[in-house]
Amino acid sequence: MNDAMSFGIHRVWKDEFVRMLSPYPDTRILDVAGGTGDIAFRLVRSLDRAARRRPSPHFATQSTPPSATQSTPPSATQSTSPSATQSTPPSATQSTPPSASQSTVKSAAGGDVSDQTSNFSLDFSSPARAPHAVPDSLYSLDFTSPNADSDTSSTGMDSLSPTRDVTVFDLSESMLEVGKLRALQAGLDSRIDWVHGNAEDLPFADDSFDAYTIAFGIRNVTHIERALDEAFRVLKPGGRFMCLEFSQVTNPLLAWFYEKYSFQVIPVMGQIIASDWKSYQYLVESIRMFPDQEEFLTMIEDSGFSGVTYKNLSQGICAIHSGFKL
């Protein structure tokens with residue numbers, strides 16, 4: 001139904017949402033209202049791509065192996081008589097030409113190691129980041145937690161596994177079951193925790209997550225301010241809040257067309273495709289009632305977030321809001 005209503009553009013919006021977050025490896029993410037896993041799966045794959053781009057600290061630091069530091073055996077360095085030291089012309093005192101002394105050891109990428117030593121003098125204390133990466137404080141993670149397996153369905157922080165990258169949180173248990181099945185089919189079940197609960201009362205300790213994401217979900221929260229306060233509470237200092245939600249179209253002509261399409265077409269499509277007129281009528285009404293871009297930005301700031309910005313997608317049909325807990 002999402003594909004039918006948005007002509008598939010919702011996939012582009014979600015891709016852009018995750019690209020803007022661009023999580024770094026070991027970032028711990030809470031995805032709220034993400035029951036079916038659409039955002040969580042994208043986040044896990046984004047983490048994997050970032051891990052592949054991350055420079056490895058295990059470069060060889062020796063340009064030649066110890067055995068190669070001696071070009072001739074020890075016995076060859078001692079002459080048998082004083083005259084023997086002058087028995088060869090000066091040019092012969094070098095057993096190999098200079099170029100050959102650097103050609104015996106090759107790097108894994110090919111070429112002389114001696115030619116690439118400057119590439120190995122990297123500062124691994126500050127690894128390169130992908131574009132739009134989250135702040136430094138998001139990477140101050142606790143690696144002392146032991147690896148532990150846990151049930152993928154949980155009700156709070158105590159049962160979450162430190163080895164999983166994303167925690168999906170949703171009010172609908174049936175949606176969570178759909179997400180679990182999809183994760184199993186995609187081979188991502190070991191990377192995601194699934195937690196049931198209310199976004200207005202998160203069952204997690206303060207300062208637990210590096211990033212909080214919510215896509216097309218905050219519009220359905222009864223008290224949006226409470227959900228924003230909870231997002232701020234569970235984020236670590238420096239953590240990032242990101243929200244993808246329907247918003248207000250900025251182009252007057254498109255706004256007129258979008259209004260007609262929303263109220264006269266979408267409920268009909270809901271009835272034909274999903275046999276559900278009322279849910280899709282509620283959808284378009286909730287979009288109209290949701291705060292516009294600037295008003296929602298102010299609400300996020302009022303919850304304590306700093307550096308709050310938004311980006312319109314498709315002329316404001318939806319928008320991505322971002323803020324940091326500083």
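When reading the values below, keep in mind they use all heavy atoms of this one structure, side chains included, and skip hydrogens, waters and symmetry mates. By convention here, the first residue in the shown sequence is residue 1.
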> What closest approach, in Å, do Ala215 and Ile39 show between heavy atoms, and which atom pair accounts for it?
Replying inline: CB-CG1, 3.7 Å

> Side chains of Tyr282 and Asp276: donor-acceptor distance under 3.5 Å anywhere?
Replying inline: no

>> Under 4.0 Å between a side-chain nitrogen and a carboxylate oxygen: does that hold for Arg182 and Asp38?
In response: yes

> Would you say Ile9 and Val18 are hydrophobically clustered, going by side-chain heavy atoms of ILVMFWY under 4.5 Å?
Replying inline: yes

> Any Lys/Arg nitrogen of Asp210 or Arg28 sitting under 4.0 Å from an Asp/Glu carboxylate oxygen of the other?
Replying inline: no

>> Quick check against the 3.5 Å criterion: does Glu245 have a side-chain atom that pairs as donor or acceptor with the backbone of Gly217?
In response: yes

> Does the side chain of Glu16 come within less than 4.5 Å of Val12's, by heavy atoms?
Replying inline: no

> What is the distance from atom CG of Leu30 to atom CG of Leu43, rounded to the nearest 0.5 Å?
Replying inline: 10.5 Å

> Got Phe290 and Ile224 here, is their nearest side-chain heavy-atom distance under 4.5 Å?
Replying inline: yes

> For the residue pair Phe169 and Ala199, what are the closest heavy atoms and their distance?
Replying inline: CE2-N, 3.7 Å

>> To check you understand the geometry: which heavy-atom pair defines the closest contact between Ser247 and Ile287, and what is its length?
In response: O-CG2, 4.2 Å

> Are side-chain heavy atoms of Glu177 and Lys180 found at a separation under 4.5 Å?
Replying inline: yes

>> According to a hydrophobic-cluster definition based on side-chain heavy atoms being under 4.5 Å apart (Ile, Leu, Val, Met, Phe, Trp, Tyr only), do Tyr261 and Leu313 belong together?
In response: yes

>> Test your reading of the model: is there a side-chain donor-acceptor pair from Thr36 to the backbone of Met175, 3.5 Å cut-off?
In response: no

> With under 30° as parallel and over 60° as perpendicular, where do the rings of Trp13 and Phe246 fit, or are they tilted in between?
Replying inline: perpendicular

> Is the count of non-hydrogen atoms from other residues, nucleotides or ligands lying under 6.0 Å from Arg226 atom CZ greater than 12?
Replying inline: no

> To the nearest 0.5 Å, what is the distance between SG (Cys243) and CZ (Arg219)?
Replying inline: 10.0 Å

>> How close do Tyr280 and Pro267 get, counting heavy atoms only, and between which atoms?
In response: CB-CA, 4.1 Å

> In the single-linkage hydrophobic clustering (I, L, V, M, F, W, Y; side-chain heavy atoms under 4.5 Å), do Ile272 and Trp277 co-cluster?
Replying inline: yes

> Val32 and Glu230: side-chain contact (heavy atoms from CB on, under 4.5 Å), yes or no, with the steps?
Replying inline: CA-CA 11 Å; Val32 177; Glu230 281 292 271; over 6 Å; no

> Is the CZ atom of Phe257 crowded by more than 12 outside heavy atoms at less than 6.0 Å?
Replying inline: no

>> Using every non-hydrogen atom in the two residues, find where Pro23 and Ile29 come nearest and quote the distance to one decimal.
In response: CB-CD1, 3.9 Å

>> In this structure, is the centre-to-centre distance between the rings of Phe232 and Phe241 below 6.0 Å?
In response: no

>> I'd like to know if Leu184 and Val178 are part of one continuous hydrophobic network [Ile/Leu/Val/Met/Phe/Trp/Tyr, side-chain heavy atoms within less than 4.5 Å].
In response: no

>> Evaluate Arg45 against Arg191 for side-chain contact (heavy atoms from CB on, under 4.5 Å), listing each step before the verdict.
In response: CA-CA 10 Å; Arg45 290 171 180 136; Arg191 309 285 300 279; over 6 Å; no

> Just how far is it from atom OG of Ser314 to atom NE2 of His10, taken to the nearest 0.5 Å?
Replying inline: 12.0 Å

>> Applying side-chain contact (heavy atoms from CB on, under 4.5 Å) to Tyr212 and Met242, what does each step give before you reach the verdict?
In response: CA-CA 6 Å; Tyr212 174 114; Met242 289 194 66; over 6 Å; no

> So, the side chain of Ser46 versus the backbone of Arg42: is there a donor-acceptor pair under 3.5 Å, distance only?
Replying inline: no

> Could you give the distance from CG (Leu297) to NE2 (His321), rounded to the nearest 0.5 Å?
Replying inline: 5.0 Å

> Is the backbone of Met299 close enough, under 3.5 Å, to the side chain of Glu225 for a donor and an acceptor to pair up by distance?
Replying inline: no

>> So, taking the atom named CG in Leu171 and the one named CG in Leu176, what distance separates them when rounded to the nearest 0.5 Å?
In response: 9.0 Å

> Are Met20 and Ile317 grouped together when hydrophobic residues (ILVMFWY) are joined by side-chain heavy atoms under 4.5 angstrom apart?
Replying inline: yes

> In Å, rounded to the nearest 0.5 Å, how long is the span from CD1 of Ile266 to NZ of Lys260?
Replying inline: 14.0 Å

> Which residue pairs pass the ring pair (Phe, Tyr, Trp, His ring centres under 6.0 Å) test when at least one of the two sits in residues 30-50, sequence neighbours left out?
Replying inline: none

> So do Leu228 and Ile218 actually touch side chain to side chain, heavy atoms under 4.5 Å?
Replying inline: yes

>> Before you tell me yes or no, could you show the steps for Asp207 and Lys325 under side-chain contact (heavy atoms from CB on, under 4.5 Å), namely the whole-Å CA-CA distance, both residues' side-chain angles and the distance that decides it to 0.1 Å?
In response: CA-CA 10 Å; Asp207 307 334; Lys325 178 180 178 177; 2.8 Å; yes

> What is the minimum heavy-atom distance between Ile192 and Arg164, and which atoms define it?
Replying inline: O-CD, 3.3 Å

> Is the Tyr310-Phe296 ring centre distance short of 6.0 angstrom?
Replying inline: no

